[in-house]
Amino acid sequence: RAKNQGRNRFEFFTQNLQAEIINHKRTADELLTAIEEQQFVTWYQPQFCANSKELTGVEALVRWRHPHRGILAPDAFLSIAEDLNVTANLDQIVLETVLKDQMRWAAMGLNVPKVSVNVSSRRLKDEALIETLKTLPITPGRISFELVESIFLDESEDSVTRNLEAIKALGIDIEIDDFGTGHTSIVSLLKLRPKRLKIDRQLVMPILTSPQERALVRSIIEIAKSLGVETVAEGVETMNHAEMLRELGCDLLQGYAFARPLPFDNFTSGALDGFLRAS
Ligand code: C2E
Ligand code: MG
Ligand code: MG
Ligand code: MG
(Lines give C-alpha, C1' and ligand atoms only; values in the text may rest on other atoms or scores of the structure.)
(Ligands and ions follow the chains in the order given, each with its own letter.)
Protein backbone atom coordinates (compact mmCIF):
# COMPACT_ATOMS: atom_id res chain seq x y z
CA ARG A 1 0.00 0.00 0.00
CA ALA A 2 2.76 2.35 0.99
CA LYS A 3 4.52 1.54 -2.24
CA ASN A 4 1.36 2.29 -4.19
CA GLN A 5 0.94 5.59 -2.44
CA GLY A 6 4.50 6.56 -3.24
CA ARG A 7 3.94 5.69 -6.85
CA ASN A 8 0.71 7.66 -6.99
CA ARG A 9 2.42 10.61 -5.47
CA PHE A 10 5.20 10.33 -8.01
CA GLU A 11 2.72 10.21 -10.90
CA PHE A 12 0.84 13.13 -9.45
CA PHE A 13 4.12 15.04 -9.21
CA THR A 14 5.22 14.31 -12.78
CA GLN A 15 1.78 15.12 -14.11
CA ASN A 16 1.88 18.45 -12.34
CA LEU A 17 5.35 19.13 -13.61
CA GLN A 18 4.32 18.26 -17.15
CA ALA A 19 1.29 20.53 -16.92
CA GLU A 20 3.53 23.29 -15.63
CA ILE A 21 6.00 22.89 -18.49
CA ILE A 22 3.20 22.92 -21.08
CA ASN A 23 1.68 25.95 -19.41
CA HIS A 24 5.03 27.74 -19.35
CA LYS A 25 5.60 26.98 -23.04
CA ARG A 26 2.13 28.21 -23.94
CA THR A 27 2.60 31.44 -21.97
CA ALA A 28 5.95 31.97 -23.72
CA ASP A 29 4.34 31.60 -27.17
CA GLU A 30 1.48 33.89 -26.18
CA LEU A 31 3.90 36.45 -24.81
CA LEU A 32 5.69 36.74 -28.16
CA THR A 33 2.31 37.39 -29.81
CA ALA A 34 1.47 39.87 -27.06
CA ILE A 35 4.66 41.84 -27.80
CA GLU A 36 3.85 41.87 -31.51
CA GLU A 37 0.24 42.92 -30.92
CA GLN A 38 1.06 45.19 -27.97
CA GLN A 39 -1.45 43.57 -25.60
CA PHE A 40 -0.11 45.60 -22.68
CA VAL A 41 -1.58 48.35 -20.58
CA THR A 42 0.19 50.69 -18.24
CA TRP A 43 -1.21 51.31 -14.77
CA TYR A 44 -0.17 54.15 -12.54
CA GLN A 45 0.48 54.27 -8.81
CA PRO A 46 0.73 57.75 -7.28
CA GLN A 47 3.48 58.97 -4.99
CA PHE A 48 2.98 61.68 -2.39
CA CYS A 49 5.12 64.15 -0.46
CA ALA A 50 5.40 62.77 3.11
CA ASN A 51 4.94 66.23 4.61
CA SER A 52 2.45 68.06 2.42
CA LYS A 53 0.73 64.92 1.03
CA GLU A 54 0.85 66.56 -2.41
CA LEU A 55 1.02 64.33 -5.47
CA THR A 56 4.64 64.34 -6.67
CA GLY A 57 4.51 61.75 -9.43
CA VAL A 58 3.49 58.25 -10.41
CA GLU A 59 5.14 54.92 -11.11
CA ALA A 60 4.19 53.18 -14.36
CA LEU A 61 3.51 49.47 -13.83
CA VAL A 62 2.93 47.18 -16.78
CA ARG A 63 -0.04 44.79 -17.04
CA TRP A 64 -0.69 42.18 -19.71
CA ARG A 65 -4.22 42.25 -21.04
CA HIS A 66 -4.30 38.55 -21.83
CA PRO A 67 -6.94 37.55 -24.40
CA HIS A 68 -8.35 34.75 -22.16
CA ARG A 69 -6.86 35.16 -18.71
CA GLY A 70 -7.70 38.81 -18.06
CA ILE A 71 -5.27 41.33 -16.61
CA LEU A 72 -1.98 39.75 -15.53
CA ALA A 73 0.55 41.32 -13.14
CA PRO A 74 4.29 41.26 -13.95
CA ASP A 75 5.10 38.30 -11.69
CA ALA A 76 3.01 36.13 -14.03
CA PHE A 77 5.17 36.92 -17.08
CA LEU A 78 8.32 38.99 -16.41
CA SER A 79 10.63 36.05 -15.78
CA ILE A 80 9.36 34.39 -18.96
CA ALA A 81 9.96 37.65 -20.82
CA GLU A 82 13.52 37.62 -19.48
CA ASP A 83 14.07 34.06 -20.71
CA LEU A 84 12.77 35.09 -24.13
CA ASN A 85 15.02 38.15 -24.11
CA VAL A 86 12.09 40.52 -24.75
CA THR A 87 12.06 42.65 -21.57
CA ALA A 88 13.72 45.50 -23.47
CA ASN A 89 10.89 45.40 -26.05
CA LEU A 90 8.36 45.42 -23.23
CA ASP A 91 10.07 48.40 -21.56
CA GLN A 92 10.01 50.28 -24.86
CA ILE A 93 6.25 49.63 -25.28
CA VAL A 94 5.64 50.90 -21.73
CA LEU A 95 7.75 54.03 -22.25
CA GLU A 96 5.93 54.89 -25.49
CA THR A 97 2.58 54.43 -23.72
CA VAL A 98 3.72 56.68 -20.88
CA LEU A 99 4.76 59.45 -23.29
CA LYS A 100 1.34 59.26 -24.98
CA ASP A 101 -0.44 59.29 -21.62
CA GLN A 102 1.55 62.36 -20.57
CA MET A 103 0.23 64.15 -23.65
CA ARG A 104 -3.31 63.05 -22.82
CA TRP A 105 -2.98 64.37 -19.25
CA ALA A 106 -1.68 67.68 -20.57
CA ALA A 107 -4.59 67.91 -23.03
CA MET A 108 -6.99 67.23 -20.14
CA GLY A 109 -5.41 69.99 -18.05
CA LEU A 110 -4.15 67.53 -15.45
CA ASN A 111 -0.82 67.92 -13.73
CA VAL A 112 1.15 64.73 -13.19
CA PRO A 113 4.61 66.08 -12.30
CA LYS A 114 6.67 63.04 -13.34
CA VAL A 115 6.42 59.40 -14.32
CA SER A 116 8.89 56.73 -13.18
CA VAL A 117 9.29 53.72 -15.44
CA ASN A 118 11.02 50.46 -14.59
CA VAL A 119 13.96 49.61 -16.80
CA SER A 120 15.30 46.06 -17.03
CA SER A 121 19.04 45.35 -16.92
CA ARG A 122 18.87 44.01 -20.46
CA ARG A 123 17.71 47.36 -21.68
CA LEU A 124 20.36 49.24 -19.75
CA LYS A 125 23.05 47.13 -21.45
CA ASP A 126 21.53 47.66 -24.90
CA GLU A 127 24.02 49.43 -27.18
CA ALA A 128 21.16 50.95 -29.19
CA LEU A 129 19.30 52.35 -26.16
CA ILE A 130 20.41 55.95 -26.53
CA GLU A 131 19.62 56.14 -30.24
CA THR A 132 16.15 54.78 -29.43
CA LEU A 133 15.62 57.26 -26.60
CA LYS A 134 16.69 60.18 -28.78
CA THR A 135 13.81 59.50 -31.17
CA LEU A 136 11.25 59.89 -28.36
CA PRO A 137 9.59 63.14 -27.19
CA ILE A 138 10.94 63.02 -23.64
CA THR A 139 10.57 66.19 -21.58
CA PRO A 140 13.58 66.64 -19.25
CA GLY A 141 12.64 66.21 -15.59
CA ARG A 142 9.33 64.53 -16.41
CA ILE A 143 10.56 60.97 -16.78
CA SER A 144 12.73 58.91 -14.51
CA PHE A 145 14.12 55.41 -14.87
CA GLU A 146 13.91 52.97 -11.97
CA LEU A 147 16.86 50.62 -11.96
CA VAL A 148 17.46 47.77 -9.53
CA GLU A 149 20.65 47.59 -7.54
CA SER A 150 22.04 44.56 -9.37
CA ILE A 151 22.34 46.63 -12.54
CA PHE A 152 25.06 48.71 -10.97
CA LEU A 153 27.19 45.65 -10.38
CA ASP A 154 27.53 45.62 -14.17
CA GLU A 155 28.76 49.16 -14.16
CA SER A 156 32.14 47.88 -15.27
CA GLU A 157 30.43 47.12 -18.57
CA ASP A 158 31.05 49.97 -20.97
CA SER A 159 27.53 50.01 -22.38
CA VAL A 160 26.04 50.45 -18.89
CA THR A 161 28.34 53.34 -17.98
CA ARG A 162 27.78 55.03 -21.32
CA ASN A 163 24.01 54.55 -21.13
CA LEU A 164 23.81 55.92 -17.58
CA GLU A 165 25.65 59.09 -18.62
CA ALA A 166 23.57 59.52 -21.76
CA ILE A 167 20.30 58.95 -19.87
CA LYS A 168 21.21 61.73 -17.43
CA ALA A 169 22.23 63.97 -20.34
CA LEU A 170 18.74 63.55 -21.83
CA GLY A 171 17.28 64.92 -18.58
CA ILE A 172 15.98 61.55 -17.42
CA ASP A 173 16.40 61.05 -13.66
CA ILE A 174 17.81 57.84 -12.25
CA GLU A 175 16.16 56.12 -9.30
CA ILE A 176 17.49 53.08 -7.50
CA ASP A 177 14.62 50.63 -7.03
CA ASP A 178 14.09 48.04 -4.29
CA PHE A 179 16.98 49.40 -2.25
CA GLY A 180 17.97 47.12 0.61
CA THR A 181 17.44 43.81 -1.15
CA GLY A 182 20.74 43.70 -3.03
CA HIS A 183 24.31 43.52 -1.90
CA THR A 184 25.78 46.80 -3.04
CA SER A 185 26.99 49.24 -0.40
CA ILE A 186 24.89 52.31 0.00
CA VAL A 187 27.93 54.57 -0.38
CA SER A 188 29.03 53.10 -3.70
CA LEU A 189 25.45 53.32 -4.97
CA LEU A 190 25.03 56.93 -4.00
CA LYS A 191 28.27 57.84 -5.78
CA LEU A 192 26.26 57.39 -8.96
CA ARG A 193 24.29 60.44 -7.90
CA PRO A 194 20.82 59.04 -8.50
CA LYS A 195 17.95 61.47 -8.09
CA ARG A 196 16.09 59.12 -5.75
CA LEU A 197 16.48 55.99 -3.70
CA LYS A 198 13.45 53.74 -3.31
CA ILE A 199 13.53 51.84 -0.02
CA ASP A 200 12.23 48.32 -0.53
CA ARG A 201 8.91 47.21 0.90
CA GLN A 202 10.63 44.50 2.93
CA LEU A 203 12.51 47.14 4.92
CA VAL A 204 9.51 49.47 5.17
CA MET A 205 6.92 46.99 6.44
CA PRO A 206 8.55 46.13 9.83
CA ILE A 207 9.39 49.71 10.91
CA LEU A 208 6.51 49.92 13.39
CA THR A 209 7.35 46.70 15.19
CA SER A 210 11.11 46.32 14.83
CA PRO A 211 13.43 48.98 16.35
CA GLN A 212 16.36 47.53 14.37
CA GLU A 213 14.66 47.91 11.02
CA ARG A 214 13.41 51.34 12.00
CA ALA A 215 17.01 52.37 12.82
CA LEU A 216 18.20 50.93 9.51
CA VAL A 217 15.62 52.88 7.52
CA ARG A 218 16.47 56.04 9.48
CA SER A 219 20.18 55.62 8.64
CA ILE A 220 19.50 55.02 4.95
CA ILE A 221 17.40 58.17 4.83
CA GLU A 222 20.09 60.20 6.64
CA ILE A 223 22.94 59.05 4.39
CA ALA A 224 20.85 59.69 1.26
CA LYS A 225 19.90 63.12 2.53
CA SER A 226 23.49 64.07 3.30
CA LEU A 227 24.37 63.26 -0.31
CA GLY A 228 21.42 65.17 -1.76
CA VAL A 229 19.48 62.08 -2.81
CA GLU A 230 15.71 61.97 -2.23
CA THR A 231 14.15 58.94 -0.56
CA VAL A 232 10.94 57.15 -1.53
CA ALA A 233 9.35 54.47 0.64
CA GLU A 234 7.56 51.73 -1.28
CA GLY A 235 4.90 49.42 0.13
CA VAL A 236 3.46 51.99 2.54
CA GLU A 237 0.38 50.04 3.58
CA THR A 238 -0.97 51.99 6.55
CA MET A 239 -1.19 55.62 7.64
CA ASN A 240 0.81 54.67 10.75
CA HIS A 241 3.65 53.65 8.44
CA ALA A 242 3.24 56.91 6.55
CA GLU A 243 3.47 58.94 9.75
CA MET A 244 6.52 57.02 11.01
CA LEU A 245 8.27 57.46 7.65
CA ARG A 246 7.57 61.17 7.75
CA GLU A 247 9.12 61.32 11.24
CA LEU A 248 12.15 59.40 9.97
CA GLY A 249 12.60 62.07 7.29
CA CYS A 250 11.52 60.11 4.22
CA ASP A 251 10.62 62.48 1.35
CA LEU A 252 8.07 60.54 -0.72
CA LEU A 253 5.58 57.78 -0.04
CA GLN A 254 4.02 55.15 -2.30
CA GLY A 255 1.72 52.33 -1.29
CA TYR A 256 -1.73 50.89 -0.72
CA ALA A 257 -2.32 53.29 2.20
CA PHE A 258 -2.74 56.00 -0.46
CA ALA A 259 -3.66 54.17 -3.65
CA ARG A 260 -3.14 50.97 -5.59
CA PRO A 261 -1.88 51.03 -9.17
CA LEU A 262 -4.75 52.29 -11.35
CA PRO A 263 -5.62 52.03 -15.05
CA PHE A 264 -5.42 55.36 -16.95
CA ASP A 265 -9.18 55.99 -16.87
CA ASN A 266 -9.60 55.28 -13.14
CA PHE A 267 -6.52 57.32 -12.42
CA THR A 268 -7.84 60.41 -14.16
CA SER A 269 -11.54 60.15 -13.39
CA GLY A 270 -11.41 58.64 -9.92
CA ALA A 271 -10.69 59.80 -6.42
CA LEU A 272 -7.38 61.36 -7.47
CA ASP A 273 -9.01 63.90 -9.73
CA GLY A 274 -9.00 66.57 -7.03
CA PHE A 275 -5.31 65.98 -6.32
CA LEU A 276 -4.40 66.20 -9.99
CA ARG A 277 -6.19 69.48 -10.56
CA ALA A 278 -5.12 71.04 -7.30
CA SER A 279 -1.43 70.36 -7.82
P1 C2E B 1 8.51 47.51 -8.29
O2 C2E B 1 9.11 48.35 -9.35
O3 C2E B 1 9.21 47.44 -6.99
O4 C2E B 1 7.02 48.06 -8.12
C5 C2E B 1 6.32 48.08 -6.91
C6 C2E B 1 5.40 46.87 -6.77
O7 C2E B 1 4.83 46.88 -5.48
C8 C2E B 1 4.23 46.88 -7.75
O9 C2E B 1 3.91 45.53 -8.08
C10 C2E B 1 3.11 47.50 -6.90
O11 C2E B 1 1.81 47.16 -7.35
C12 C2E B 1 3.41 46.89 -5.57
N13 C2E B 1 2.92 47.70 -4.45
C14 C2E B 1 2.71 49.03 -4.41
N15 C2E B 1 2.30 49.44 -3.20
C16 C2E B 1 2.23 48.32 -2.43
C17 C2E B 1 1.83 48.09 -1.05
O18 C2E B 1 1.49 48.99 -0.30
N19 C2E B 1 1.88 46.80 -0.63
C20 C2E B 1 2.27 45.77 -1.43
N21 C2E B 1 2.29 44.54 -0.93
N22 C2E B 1 2.65 45.95 -2.73
C23 C2E B 1 2.63 47.22 -3.21
P24 C2E B 1 3.61 45.08 -9.58
O25 C2E B 1 2.85 46.14 -10.31
O26 C2E B 1 3.05 43.69 -9.52
O27 C2E B 1 5.06 45.02 -10.22
C28 C2E B 1 6.01 44.09 -9.77
C29 C2E B 1 7.37 44.36 -10.33
O30 C2E B 1 7.40 44.15 -11.74
C31 C2E B 1 7.85 45.80 -10.15
O32 C2E B 1 8.32 46.00 -8.84
C33 C2E B 1 8.93 45.89 -11.20
O34 C2E B 1 10.14 45.34 -10.73
C35 C2E B 1 8.39 45.00 -12.30
N36 C2E B 1 7.80 45.82 -13.38
C37 C2E B 1 6.58 46.43 -13.42
N38 C2E B 1 6.41 47.10 -14.59
C39 C2E B 1 7.54 46.93 -15.31
C40 C2E B 1 7.99 47.37 -16.61
O41 C2E B 1 7.32 48.12 -17.35
N42 C2E B 1 9.24 46.96 -17.00
C43 C2E B 1 10.04 46.17 -16.20
N44 C2E B 1 11.24 45.80 -16.69
N45 C2E B 1 9.65 45.74 -15.00
C46 C2E B 1 8.43 46.11 -14.55
MG1 MG C 1 9.80 50.14 -9.56
MG1 MG D 1 10.36 48.88 -6.20
MG1 MG E 1 9.79 46.01 -5.08
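All heavy atoms count here, side chains included; hydrogens, waters and symmetry mates do not. Note that ligands are numbered from 1 as they come in the structure, with each ligand's atoms numbered from 1 the same way.
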Peer 1: Could you tell me whether Asp178 approaches ligand 1 through its side chain, its backbone, both or neither, with non-hydrogen atoms closer than 4.0 Å?
Peer 2: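 It is the side chain that touches ligand 1; the backbone stays farther off.
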Peer 1: For Gln254 and ligand 1, does the shortest N/O to N/O distance drop below 3.5 Å?
Peer 2: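 So ligand 1 has no N or O lying under 3.5 Å from an N or O of Gln254.
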Peer 1: Using a 4.0 Å cutoff against the non-hydrogen atoms of Ser120, which atoms of ligand 1 qualify?
Peer 2: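 In order of number, 44 (N).
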Peer 1: Is Val94 touching ligand 1 with its side chain, its backbone, both, or neither, if touching means heavy atoms under 4.0 Å apart?
Peer 2: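 Only the side chain of Val94 comes within reach of ligand 1.
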Peer 1: Any non-hydrogen side-chain atom of Lys195 less than 4.5 Å from a side-chain atom of Ser144?
Peer 2: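 The answer is no; the side chains never approach within 4.5 Å.
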Peer 1: In plain terms, say whether Glu222 and Lys225 are close enough for a salt bridge, that is, a side-chain N and a carboxylate O under 4.0 Å apart.
Peer 2: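 Result for this pair is no, no salt bridge flagged.
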Peer 1: Out of Asp177, Asp91, Thr42, who is nearest to atom 44 (N) of ligand 1 when you count heavy atoms only?
Peer 2: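 It is Asp91 whose heavy atom sits nearest to atom 44 (N) of ligand 1.
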Peer 1: With the Mg ion (ligand 3) as the point of reference, which N/O/S atom of Asp177 is the closest?
Peer 2: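 Closest N, O or S atom of Asp177 to the Mg ion (ligand 3): OD1.
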Peer 1: What is the OD1(Asn118)-the Mg ion (ligand 2)-OE1(Glu146) angle, to the nearest 10 degrees?
Peer 2: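 Value returned, to the nearest 10°, is 100°.
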Peer 1: Does Leu78 come within less than 4.0 Å of ligand 1, judged by its heavy atoms?
Peer 2: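 It does; at least one heavy atom falls under 4.0 Å.
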Peer 1: Looking at Arg162 and Glu127, does any basic side-chain N land under 4.0 Å from a carboxylate oxygen?
Peer 2: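 A salt bridge links Arg162 with Glu127.
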Peer 1: Could you list the donor-acceptor pairs under 3.5 angstrom formed by side chains in residues 252-264, with sequence neighbours left out?
Peer 2:
from, atom 1, to, atom 2, distance (Å)
Gln254, OE1, Gln47, NE2, 2.8
Gln254, OE1, Lys198, NZ, 2.9
Gln254, NE2, Gln45, OE1, 2.8
Gln254, NE2, Glu59, OE1, 2.8

Peer 1: Give the contacting part of Arg123 toward ligand 1: side chain, backbone, both or neither, where contact means a heavy-atom distance below 4.0 Å.
Peer 2: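 The answer is neither; Arg123 stays 4.0 Å or more away.
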Peer 1: Are any of the side-chain heavy atoms of Trp64 and Leu90 separated by less than 4.5 Å?
Peer 2: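 A side-chain contact under 4.5 Å is absent here.
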Peer 1: Would you check whether Gly255 has a nitrogen or oxygen atom less than 3.5 angstrom from a nitrogen or oxygen atom of ligand 1?
Peer 2: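 No.
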Peer 1: Would the number of heavy atoms belonging to other residues, nucleotides or ligands and lying under 6.0 Å from CD of Gln202 be above 12?
Peer 2: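 Atom CD in Gln202 is not crowded, with 12 or fewer foreign heavy atoms closer than 6.0 Å.
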Peer 1: Taking all non-hydrogen atoms of both residues, which atom of Thr231 and which atom of Asp251 are closest, and how far apart?
Peer 2: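 Scanning both residues completely, I find the closest heavy atoms to be N-OD2, 2.9 Å.
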Peer 1: Under a 3.5 Å threshold, yes or no: a donor from one side chain and an acceptor from the other, between Thr238 and His241?
Peer 2: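 Judged by distance alone, the side chains do pair up.
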Peer 1: One residue to check: Pro261. Relative to ligand 1, which of side chain, backbone, both or neither has a non-hydrogen atom less than 4.0 Å away?
Peer 2: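 Within the 4.0 Å criterion, Pro261 contacts ligand 1 through side-chain atoms alone.
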Peer 1: Would you indicate which of Asp75, Leu61, Val62, Val148 comes nearest to atom 40 (C) of ligand 1 when only heavy atoms are counted?
Peer 2: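 It is Val62 that holds the nearest heavy atom.
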Peer 1: Report yes if the side chains of Glu230 and Asp173 come closer than 4.5 Å at any heavy-atom pair, otherwise no.
Peer 2: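 They are not in side-chain contact.
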Peer 1: Would a 4.5 Å heavy-atom cut-off, applied to side chains only, mark Leu133 and Phe145 as touching?
Peer 2: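 Answer yes - side chains close enough.
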Peer 1: Do Asn118 and Val62 have side chains that get closer than 4.5 Å, going by heavy atoms?
Peer 2: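 Of all side-chain heavy-atom pairs linking Val62 with Asn118, none is under 4.5 Å.
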Peer 1: Test Arg122 against Asp126 for salt bridge (Lys or Arg N to Asp or Glu O under 4.0 Å), laying out the working first.
Peer 2: CA-CA 6 Å; Arg122 276 298 156 70; Asp126 183 358; over 6 Å; no
Peer 1: Taking just the N, O or S atoms of Glu234, which one is nearest to the Mg ion (ligand 3)?
Peer 2: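 Checking each N, O and S atom of Glu234, the shortest distance to the Mg ion (ligand 3) belongs to OE1.
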Peer 1: Looking at Gln45, which atoms of ligand 1 are within less than 4.0 Å of one of its heavy atoms?
Peer 2: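 Counting atoms of ligand 1 from 1, those under 4.0 Å from Gln45 are 14 (C), 15 (N).
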Peer 1: Is there a heavy atom of Arg260 sitting under 4.0 angstrom from any atom of ligand 1?
Peer 2: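 Arg260 does not count as a contact of ligand 1 under the 4.0 Å cut-off.
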Peer 1: If we set the cut-off at 4.0 Å for heavy atoms, which region of Thr87 has an atom near ligand 1: side chain, backbone, both, or neither?
Peer 2: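 Near ligand 1, Thr87 shows nothing, with every heavy atom at 4.0 Å or more.
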Peer 1: So is Arg63 close enough to ligand 1, meaning a heavy atom under 4.0 angstrom away?
Peer 2: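 Contact check Arg63 vs ligand 1: positive.
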Peer 1: Looking only at N, O or S atoms, find the one in Asp178 nearest to the Mg ion (ligand 3) and name it.
Peer 2: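 Distance check against the Mg ion (ligand 3) picks out OD1 in Asp178.
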Peer 1: Short check: any N/O/S atom of Glu59 below 2.8 Å from the Mg ion (ligand 2)?
Peer 2: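 So Glu59 does bind the Mg ion (ligand 2) by this criterion.
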Peer 1: Can you tell which part of Glu59 has a heavy atom less than 4.0 Å from ligand 1: side chain, backbone, both or neither?
Peer 2: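 For Glu59, the contact with ligand 1 is made by the side chain alone.
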Peer 1: Do the side chains of Arg26 and Asp29 get close enough for a salt bridge, i.e. N-O under 4.0 angstrom?
Peer 2: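 Here Arg26 does not pair with Asp29 in a salt bridge, since their nearest N and O are not under 4.0 Å apart.
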Peer 1: Does only the side chain of Glu234 get under 4.0 Å from ligand 1, or the backbone, or both, or neither? Count heavy atoms.
Peer 2: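 It is the side chain that touches ligand 1; the backbone stays farther off.
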